[in-house]
There are 2 protein chains.
Amino acid sequence: MQSGHRNLTQQLVHELGKDILQGKYKVGNKLPSEADLCAQYDISRTATREAVKMLTAKGLISSRPRQGIKVLDSKHWNLFDVEVLNWILIGKPDLYMLRHFLQLRLSIEPEAAYLAAQYAKDSDIELIRNALARMKSAEDGYDDTLEADIEFHTSILGASNNPFFIQLKNFIEIALQVNLRFTNRFKAITIDEYQAHADIFDNIANRNPQAAHDASLKTQKITVGLVNDAITELEEKKG
Amino acid sequence: MQSGHRNLTQQLVHELGKDILQGKYKVGNKLPSEADLCAQYDISRTATREAVKMLTAKGLISSRPRQGIKVLDSKHWNLFDVEVLNWILIGKPDLYMLRHFLQLRLSIEPEAAYLAAQYAKDSDIELIRNALARMKSAEDGYDDTLEADIEFHTSILGASNNPFFIQLKNFIEIALQVNLRFTNRFKAITIDEYQAHADIFDNIANRNPQAAHDASLKTQKITVGLVNDAITELEEKKG
DNA sequence: AATATACTATTTATAATATAATTATAAATA
DNA sequence: TATTTATAATTATATTATAAATAGTATATT
């Protein structure tokens, strides 16, 4: 159990959460009992029970007398929880999972851009402008591509001034990281990619919601299309 | 503290969660210490601490030695957690919150309909057909309007066969309940409303993604428009 | 005066132990 | 066969003790 700088409870939450998302403990199956977890990880019942409660709060497990601790059906999992998302990432998601991420991005981001053009404060616009500048730097190799990309897309969510969209920042951040697993980690941002992002920004800054929406949607459709093609190819290979 | 049939920990989670979402405990402010919570609710430290851990897992609070228990900034709250959503509902959300709900619905549901038309299994289609039939019954006063409406919209999310969209069922369910707070609770479903839903279903069943998307988007835009008008009117009154 | 260091008190973190409540399964009974 | 009762497994709750973390204060140092 890697300690990091977290307390025992948080460490156990991390270990078990990771194992559940990786399918080491399967839906409907039992985890070791409280007593067994204490023994396995050599920690007190106090810490163990608190970890179990935290995973319960995230919808991953249920724990009841006599029945023990069971993995809940995945429809109950808090997939937008930042820790759960990280456990998905750790679990080496496949192309189908990437498609799921991208389908929701396509659903969310164009509308976020629309709302940003409507409701962004000047300070919100500046944050997006800043992120775009980082992407320019990354294009020239002077900044981290992934970080700049994350900052750009999440700053638009922030500019929507809608708490639900803001909550989805975690989701987008992990989605971009999953995406990177399937592309070249170290490739620079191309001029085309940069321009697509700049278009979105310009339309937000110019307070043109529909154009901002459409610019965002255009890039999302291309990305989903690429993954659909990759999956089709994969399935044809398999037969 | 209402007991329901939940255990002590869950009861305290509910009480504190509700209070935080209602703003009784404000962002950045401290909650009573562990010891004080034990005294206030007359329960053991064990139960109290487990409740605190569960709220921590939902991103509502942090608890550290000497610092105590503090309400985290709302950007950390797991707004898509089913309990958190219920606490929002309990907290009597205003028109602005309704707009936030509707903005995300507009973002999610048309794309869910698109994916449903692409990926729904026959059994998924049957579930939507069933929900539509319930709406017809509700139109005639033979079924519950709200329940039928919830079943229709969530069954489409289910038919997307995308775990992230499926997770958002809770969100849509609460969104519809919030919406109802601002319309007539007992009004029957009108013929127009029913037809709009039937259009979405037909296009999903006929495997026409774009038409399903557009039919859904059309109704969502109307709803958002109504709330925007209501807010404009409200703000003009206030001056 | 400004900065670093050590001290102190507060609060949570962890552990250990005891007992109660819940409930799935098995056994007994009608 | 169906119903009830008993048993055992497991979590739920309570209590107590000690450790660790840390914000704030006091002290010492430059």
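So you know, we letter chains A, B, ... as the sequences are listed, proteins then strands, and number each from 1. Heavy-atom basis, side chains included; hydrogens, waters and symmetry copies ignored.
Listed pair A:Ser63 / D:dA12 meets the phosphate criterion, a side-chain N or O lying under 4.0 Å from OP1 or OP2. Checking the phosphate oxygens (OP1, OP2) of C:dA21, no side-chain nitrogen or oxygen of A:Arg66 falls inside 4.0 Å. Remark: B:Arg45 is not in phosphate contact with D:dT15, judged by side-chain N or O atoms under 4.0 Å from OP1 or OP2. Between B:Lys53 and C:dT12, a side-chain N or O to OP1/OP2 separation shorter than 4.0 Å is absent. For C:dT23, one of the phosphate oxygens OP1 or OP2 lies less than 4.0 angstrom from a side-chain nitrogen or oxygen of A:Arg64. Phosphate proximity of D:dT13 to B:Thr9: present, with a side-chain N or O under 4.0 Å from OP1 or OP2.
With a cut-off of 3.5 Å on both pairing distances, the Watson-Crick or G-U wobble partner of C:dA6 is D:dT25. Across all strands shown, C:dA18 forms a Watson-Crick or G-U wobble pair, both distances under 3.5 Å, with D:dT13.
A donor-acceptor pair shorter than 3.5 Å cannot be found between the side chains of B:Asn86 and B:His14.
No N or O donor and acceptor, one from the side chain of A:Ser44 and one from the base of C:dA16, sit under 3.5 Å apart.
Nucleic acid contact for A:Thr46: base, since at least one base atom lies under 4.0 Å from a heavy atom of the residue. Residue A:Lys70 is out of contact with every strand shown, counting any heavy-atom pair closer than 4.0 Å.
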